[in-house]
Protein chains: 2
Amino acid sequence: MSVTLKDVAQAARVSVSTASRALTGTGLTSERTQQRLVRIARELGYRPNPIARGLKTGQSRLVALLVHNLTNASFQVMAEVVQARLKALGYQMLLCIGGDDPQQESDTLTTLVDHRIDGLIVVPTGKNGPQLKALSKDVPIVCLVRRDDATDLETVLADDPQGAYLGTRHLIELGHKRIGLIVGRQDTTSGRERLSGYVRALREAGIARDDTLIHAGHFEPETGATCARKLLDLPRPPSAIFVANHEATLGVLRVTAERNIVIPDDLSLLCYEDMPWFEWHRPAISIVDNGARDLANLAVDRLLHRMDAKGNGNDGVREYRVGAKLIQRDSCRQFDAPAPARSGKSKSSLSKSSAAKSAKV
Amino acid sequence: MSVTLKDVAQAARVSVSTASRALTGTGLTSERTQQRLVRIARELGYRPNPIARGLKTGQSRLVALLVHNLTNASFQVMAEVVQARLKALGYQMLLCIGGDDPQQESDTLTTLVDHRIDGLIVVPTGKNGPQLKALSKDVPIVCLVRRDDATDLETVLADDPQGAYLGTRHLIELGHKRIGLIVGRQDTTSGRERLSGYVRALREAGIARDDTLIHAGHFEPETGATCARKLLDLPRPPSAIFVANHEATLGVLRVTAERNIVIPDDLSLLCYEDMPWFEWHRPAISIVDNGARDLANLAVDRLLHRMDAKGNGNDGVREYRVGAKLIQRDSCRQFDAPAPARSGKSKSSLSKSSAAKSAKV
DNA sequence: AGCGTTTCTGCAATCGTTTGCAGTCTATCG
DNA sequence: CGATAGACTGCAAACGATTGCAGAAACGCT
């Protein structure tokens with residue numbers, strides 16, 4: 001069907017081996033035949049068959065990225081970054097969706113190595129450590145965002161302890177003392193680390209930890225709603241909520257909307273990880289930015305390094321951290337009195353403060 | 001490195017050909033040896049090498065989905081649907097991001113056919129018709145969401161004329177007479193068709209078309225902002241805006257927020273295509289749903305059909321339409337008086353109407 | 001027993017590349 | 001002018017599977 005190396009060789013009246021060497025630029029060809037072959041190949045529209053090449057070389061020029069889903073904005077930008085970087089290097093990205101489900105992850109992983117991918121960036125569920133470890137002998141692997149504790153794979157992580165600390169401190173500085181935390185499952189790296197950052201900020205500020213204010217749960221909007229209700233139903237509800245479980249945000253917003261709770265007047269809200277619409281939401285939602293773009297770039301860097309190094313790429317470093325930063329918008333407010341005056345005035349004060357804060361951070 | 005067919009054959013003391021036939025189930029093997037080989041293969045952990053198989057059979061078990069980006073919620077659900085369907089059939093999805101850029105699209109396409117993908121679902125830019133047409137000789141292709149006019153490829157489209165008609169009529173029924181339209185580029189199928197649906201609804205209602213109310217532009221938030229400003233700066237601004245350009249929505253919201261325009265009191269807003277947060281936004285945003293999930297499913301159906309039919313899968317049908325439907329939430333409001341009373345009362349009327357409408361549709 | 005079927009198995013070619021090895025050619029030097 | 005190194009080139013064997021063809025085994029039948 002398509003033009004093969006043999007066709008090119010015949011047209012140029014040389015052997016396939018010469019043609020191969022000339023076109024791949026593997027040294028030993030005379031300048032003249034080399035150029036001639038390149039020209040002929042172009043004329044004939046020759047495109048090397050990656051399958052055949054892959055069979056011989058064991059490489060596929062395919063790099064896989066395995067994420068949980070695509071609704072998460074962080075994964076979106078990661079996918080786009082990874083795709084762009086890889087394409088520039090002549091690789092195709094194989095984007096896979098694992099749904100944070102160990103079984104699916106496991107299936108996908110085997111399919112991927114079957115297909116002889118050249119590298120893998122994975123956001124692990126954390127339940128397939130042994131498999132990942134085994135596969136890492138055959139193909140360079142870099143973990144992203146989460147660590148799989150059962151492996152010693154190179155891992156690129158957000159600095160979640162710092163991010164959670166930053167966010168919590170921000171709320172404390174605004175005068176909040178009762179700060180609700182909605183955080184991810186405690187069997188994930190990020191879940192544990194964000195909790196620890198929160199706790200540390202509290203401790204530093206001399207605020208006693210109150211476990212009724214802390215809720216950990218699955219990465220789903222429903223979780224956010226459930227946790228938010230529990231928090232708001234407390235005898236002494238928090239004056240601020242830190243949603244450190246990205247997927248839970250929508251659920252929290254639904255509950256506050258249902259109950260006509262005005263943000264930030266009645267409740268300050270701080271979220272972890274950005275979403276495109278946070279900026280346009282009214283009030284615009286303040287966040288702790290986990291640096292998705294940087295994370296993806298670093299992961300690609302590390303992967304490429306390992307791929308080059310062919311096995312002996314152990315630099316000793318096992319874990320890379322990408323700093324988080326606070327982006328202030330309009331959903332957090334100074335907490336002064338035990339209960340703010342509930343009146344028409346609050347609205348104007350909101351717009352004032354929002355105008356002041358909406359400057360780029 | 002890994003177990004090959006040869007290893008299995010040796011272990012079973014048969015030839016590779018017998019092993020191959022037994023494991024692929026290509027008939028001609030005795031029941032006994034067949035079962036024996038299957039058992040041995042499992043014991044040895046044999047996994048067929050898709051690369052080698054692909055070289056011989058010309059198939060890769062890879063199906064590509066080429067979309068513009070991943071920020072668009074419709075593309076997200078399409079990707080997830082396609083992935084799920086294909087995986088169930090033993091295919092791997094190759095998800096590619098083309099950025100609605102003809103050059104990138106073209107590059108990606110050639111890489112994909114190089115990799116001998118078994119099928120392709122593509123949201124075409126519309127600028128690479130000839131190439132697509134040429135490739136369709138080698139690999140089954142189905143176009144999604146947009147048509148490439150330079151081809152006669154099988155295409156799965158949303159029923160945009162109907163959707164736009166539905167949305168516009170809804171606004172008209174609410175009493176709106178001046179309805180702004182922000183729509184996509186007119187060199188895309190959806191752009192043209194949505195405009196036509198809008199025009200038809202107007203005509204049916206006996207409302208004269210006013211071109212100052214119609215703005216077409218690129219698929220970017222910035223476009224939305226620009227167009228919204230133009231509309232609102234009109235001597236007689238519209239009482240409703242129909243944002244039929246999905247990507248423009250955020251821009252429109254920014255402008256209304258900037259100008260303290262209260263939706264739906266001061267302005268009714270209707271958007272095309274859903275986003276996960278539309279439902280949680282205050283007010284929840286009414287939409288015309290393009291049926292992304294159905295579109296994706298249909299596209300997969302058609303592709304599989306073509307892949308089975310091996311070339312002669314021309315059923316005559318070239319175009320499939322998936323119906324749109326209106327989902328009413330809280331961003332559209334009855335328009336009665338020329339100008340509604342602008343006072344504190346408007347707020348309470350908002351919460352009333354929103355409460356009434358927020359029932360599931 | 002001999003023969004023709006039928007059923008199963010193995011040989012070997014093939015897919016399109018890459019690559020070790022050996023052979024050919026040119027040029028350079030003694 | 002002949003030897004020899006050096007630079008190219010071609011042959012052929014891989015890579016791991018599939019598959020047409022022919023041979024072998026088993027079986028039933030007369």
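In what follows, chains are A, B, ... by sequence order, proteins preceding strands, each numbered from 1.
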Separation of C/dC8 atom C1' from B/Leu23 atom CG, nearest Å, is 16 Å

Any base atoms under 4.0 Å from B/Pro50, or only sugar-phosphate, or nothing? Heavy atoms, all strands. nothing

Would you call A/Asp100 and A/Arg146 a salt bridge, taking side-chain N to carboxylate O under 4.0 Å as the test? yes

Considering only C/dG10, C/dT17, D/dT18, which nucleotide approaches the side chain of B/Ser20 most closely? D/dT18

Between the axis at one end of the helix from C/dA1-D/dT30 to C/dG30-D/dC1 and the axis at the other (five pairs apiece), what's the angle to 10 degrees? 60°

Check whether any side-chain N or O of A/Arg53 sits under 4.0 Å from OP1 or OP2 of C/dT18, and answer yes or no. yes

It should be established whether B/Thr18 places a side-chain nitrogen or oxygen under 4.0 Å from OP1 or OP2 of nucleotide C/dG10. yes

Protein N or O to nucleotides 11-14 of chain C N or O, pairs below 3.5 Å:
unit_1 : atom_1 : unit_2  : atom_2 : d
C/dC11 : N4     : B/Ser17 : OG     : 3.1
C/dT14 : O2     : B/Lys56 : NZ     : 2.9

Salt bridge or not for A/Lys133 and A/Asp148, using N-O below 4.0 Å? no

Across the strands shown, which category fits A/Arg47 at heavy-atom distances under 4.0 angstrom: base, sugar-phosphate, nothing? sugar-phosphate

Exactly one of A/Leu95, A/Leu86, A/Val122 should register a side-chain contact (heavy atoms from CB on, under 4.5 Å) with A/Leu65. Which one does? A/Leu95

Using a strict cut-off of less than 4.0 Å between a Lys/Arg side-chain nitrogen and an Asp/Glu carboxylate oxygen, indicate whether A/Arg147 and A/Asp149 qualify as a salt bridge. yes

Report the residues that fulfil side chain to side chain contact (heavy atoms under 4.5 Å, CB included) with B/Arg47, sequence neighbours left out, ordered by chain and then residue number. A/Thr110, A/Asp114

Close side-chain approach of A/Arg85 and A/Asn297, heavy atoms under 4.5 Å: yes

For a quick test of reading the model: is some side-chain N or O of B/Thr33 closer than 4.0 Å to OP1 or OP2 of C/dT9? yes

